[in-house]
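I have placed the structure first, in the form of structure tokens, so that the comments after it can refer back to it.
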Amino acid sequence: MASSSSTLSLTFTLSSTITSSSSSSSYISNFTPTLLTKHHPIINLFSSKHKLNHTLKQRVFSVFASSSSPSLQALIFDCDGVILESEHLHRQAYNDAFTHFNVRVPSSLHDDQQPLNWGIHFYDELQNRIGGGKPKMRWYFKEHGWPSSNVFVTPPTDDDDRAKLIDTLQDWKTERYKEIIKSGTVKPRPGVLRLMDEAKAAGKKLAVCSAATKSSVILCLENLIGIERFQSLDCFLAGDDVKEKKPDPSIYVSASKKLGVSEKDCLVVEDSVIGLQAATKAGMSCVVTYTSSTVDQDFKDAIAIYPDLSNVRLEDLELLLQNVVAAK
């Protein structure tokens, strides 16, 4: 921060109560940022490393004055984890694909091969490490051994056959995921639709940028936010539209250009550290609405952290972006 900037002491207190889900993953509820004073027009918000334990915690933010501020012109949502809490649905679809094609991988405990099934805790780690379905499978098979399957009786050894296996699994998985979404049992996360409507009503640009395949994201958006909202988006980008997946910033850089809005005037809503990194590398500020699988991640570069968007208004996000100059 420039030495000429005056300093202002403000405190944000965030409280949370930790409970356990049925899948033994820990998550936080009733976790709401509270701005104790808003009198100074420009603030700089940053925090210490995000750590959560199974006890009551407080998070304190330091706030300083600065001399320049962006303005909220575009609000950009990730899809999976933000618009819907979807990772358990993706995991189910992958495991259904592995079963359908009888995918069997080398066993660390036996000489033979075992049916592949991604467990809850493993998938949480995997999806928070690697974006995109095909990269997930390619990484897994490189690490654990290429599998036998109904596609190839013996594990594929050349690049073309390996690519064919992954493409086949991903295509079937995508169709299975669509069936789950179409079932009518999946709902958007709290506050998402209201916040989208507030942004459009206020004349802000609205975008969705997801690392998932375009067909699956379109299906999610049409079923969860509705066709009218989907068609009114000013920008929609999926994993198919960029060469590199998150945490690479390409998708957000592309969105900024397509929207015609400077990166500093865009605000991204993400749920994971991978998405957070993609946004910040693109020069955008980012708020996080975490899920049960991302709650323990390090969100130190986020300008705000929420359990969901139910109590978040557009004016809250405008204030954050107007008053925040990211700590360097």
Next item on the list: Dump the intermediate steps for side-chain contact (heavy atoms from CB on, under 4.5 Å) on H88 and Q92, then the final yes or no.
Entry: CA-CA 6 Å; H88 66 292; Q92 176 185 337; 5.9 Å; no

Margin query: Quick one, F98 with N117, criterion side-chain contact (heavy atoms from CB on, under 4.5 Å). Give me CA distance, side-chain angles, the key distance, then yes/no.
Written below: CA-CA 7 Å; F98 299 151; N117 184 283; over 6 Å; no

Next item on the list: Evaluate the side-chain contact (heavy atoms from CB on, under 4.5 Å) criterion for residues F122 and Q127: first the C-alpha distance (whole Å), next the side-chain angles of each, then the deciding distance (0.1 Å), finally the verdict.
Entry: CA-CA 9 Å; F122 172 79; Q127 63 96 5; over 6 Å; no

Next item on the list: Begin from the C-alpha positions of E85 and V186 and carry the test side-chain contact (heavy atoms from CB on, under 4.5 Å) through to its verdict.
Entry: CA-CA 9 Å; E85 193 158 357; V186 183; over 6 Å; no

Next item on the list: Output, in order, the C-alpha distance, side-chain angles, deciding distance and verdict of side-chain hydrogen bond (donor to acceptor under 3.5 Å, both in side chains) for Q170 and Y94.
Entry: CA-CA 8 Å; Q170 183 66 34; Y94 278 117; 3.2 Å; yes

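Shown here are the side chain to side chain donor-acceptor pair (under 3.5 Å) partners of R313, two or more places apart in sequence or in another chain: E198. In this view, H144 and Y140 satisfy the ring-ring contact (aromatic ring centres under 6.0 Å, His included) rule, not counting sequence neighbours. Under the side-chain contact (heavy atoms from CB on, under 4.5 Å) criterion, E244 pairs with D248, S250, not counting sequence neighbours. K136 is linked by a side chain to side chain donor-acceptor pair (under 3.5 Å) to nothing, counting only residues two or more places apart in sequence or in another chain. By the side chain to side chain donor-acceptor pair (under 3.5 Å) test, K258 is found to be paired with no residue, residues two or more places apart in sequence or in another chain being considered. Not a single ring-ring contact (aromatic ring centres under 6.0 Å, His included) links F77 to another residue, sequence neighbours left out. Looking at residues two or more places apart in sequence or on another chain, you find a ring-ring contact (aromatic ring centres under 6.0 Å, His included) between F230 and F236. When the salt bridge (Lys or Arg N to Asp or Glu O under 4.0 Å) test is applied to K205, no partner is found at least two apart in sequence or on another chain. Under the rule for a side chain to side chain donor-acceptor pair (under 3.5 Å), S149 has no partner lying at least two apart in sequence or in another chain.
A salt bridge is defined here as a Lys NZ or Arg NE, NH1 or NH2 lying under 4.0 Å from an Asp or Glu carboxylate O, and D234 with K200 meets this definition. Ion pairing of K246 with D78 is present here, as a side-chain N (NZ or NE/NH1/NH2) and a carboxylate O approach within less than 4.0 Å. Ion pairing between E179 and K182 fails under the 4.0 Å rule for side-chain N and carboxylate O. Note on R91 versus D124: no salt bridge recorded, every NZ/NE/NH1/NH2 to OD/OE distance being 4.0 Å or above.
Hydrophobic clustering (ILVMFWY, side-chain heavy atoms < 4.5 Å, transitive): L317 and V208 are in one cluster. The hydrophobic cluster containing L233 does not contain I181, counting ILVMFWY residues as joined when their side-chain heavy atoms lie under 4.5 angstrom apart, directly or transitively. Hydrophobic cluster membership differs between Y290 and I76, with clusters built from Ile, Leu, Val, Met, Phe, Trp and Tyr side chains linked at under 4.5 angstrom. A chain of hydrophobic side-chain contacts below 4.5 Å, direct or via other Ile, Leu, Val, Met, Phe, Trp or Tyr residues, connects V242 to V268. Residues I274 and L276 are members of separate hydrophobic clusters, defined by side-chain heavy-atom contacts under 4.5 angstrom among Ile, Leu, Val, Met, Phe, Trp and Tyr.
For E143, the CD atom counts as densely surrounded, since its 6.0 Å shell holds more than 12 non-hydrogen atoms of other residues, nucleotides or ligands.
The shortest side-chain heavy-atom distance between T289 and V312 does not fall under the 4.5 Å cut-off. Looking only at side-chain heavy atoms (C-beta outward), L224 and V192 stay at 4.5 Å or farther from each other. With contacts defined as side-chain heavy-atom distances shorter than 4.5 Å, the pair L206/K204 does not qualify.
Remark: side-chain polar atoms of R189 are paired, donor with acceptor, to backbone N or O of G81 under 3.5 angstrom. The closest donor-acceptor contact from the side chain of S272 to the backbone of G275 lies under 3.5 Å. A donor-acceptor pair under 3.5 Å is absent between the side-chain atoms of Q73 and the main chain of V261, judged by distance alone. A donor-acceptor contact shorter than 3.5 Å is absent between the side chain of S254 and the backbone of I251. K245 contributes a side-chain N or O that, together with a main-chain N or O of G239, makes up a donor-acceptor pair within less than 3.5 Å.
The shortest heavy-atom contact between T185 and S183 is OG1-OG, 2.8 Å. Of all heavy-atom pairs between L259 and A207, the closest is CD1-CB, 4.2 Å.
Checking E87 against S293 by side-chain atom types alone, no donor-acceptor pair falls below 3.5 Å.
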Residues 209-219 side chain polar contacts: donor-acceptor under 3.5 Å, at least two apart:
unit_1: S210; atom_1: OG; unit_2: A212; atom_2: N; d: 3.1
unit_1: T213; atom_1: OG1; unit_2: S216; atom_2: OG; d: 3.0
unit_1: K214; atom_1: NZ; unit_2: D241; atom_2: OD1; d: 2.8
unit_1: K214; atom_1: NZ; unit_2: D241; atom_2: OD2; d: 3.1
unit_1: S216; atom_1: OG; unit_2: T213; atom_2: O; d: 2.9

Using a 3.5 Å cut-off and no angle test, enumerate the donor-acceptor pairs between side-chain atoms of residues 151-164 and protein atoms at least two apart in sequence or in another chain.
unit_1: D158; atom_1: OD1; unit_2: D160; atom_2: N; d: 3.1
unit_1: D158; atom_1: OD1; unit_2: D161; atom_2: N; d: 2.8
unit_1: R162; atom_1: NE; unit_2: P156; atom_2: O; d: 3.1

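Pairs passing the ring pair (Phe, Tyr, Trp, His ring centres under 6.0 Å) check and including a residue from residues 246-275, sequence neighbours excluded, do not occur.
The residue from D171, D96, N95 that alone fulfils the side chain to side chain donor-acceptor pair (under 3.5 Å) condition with R176 is D96.
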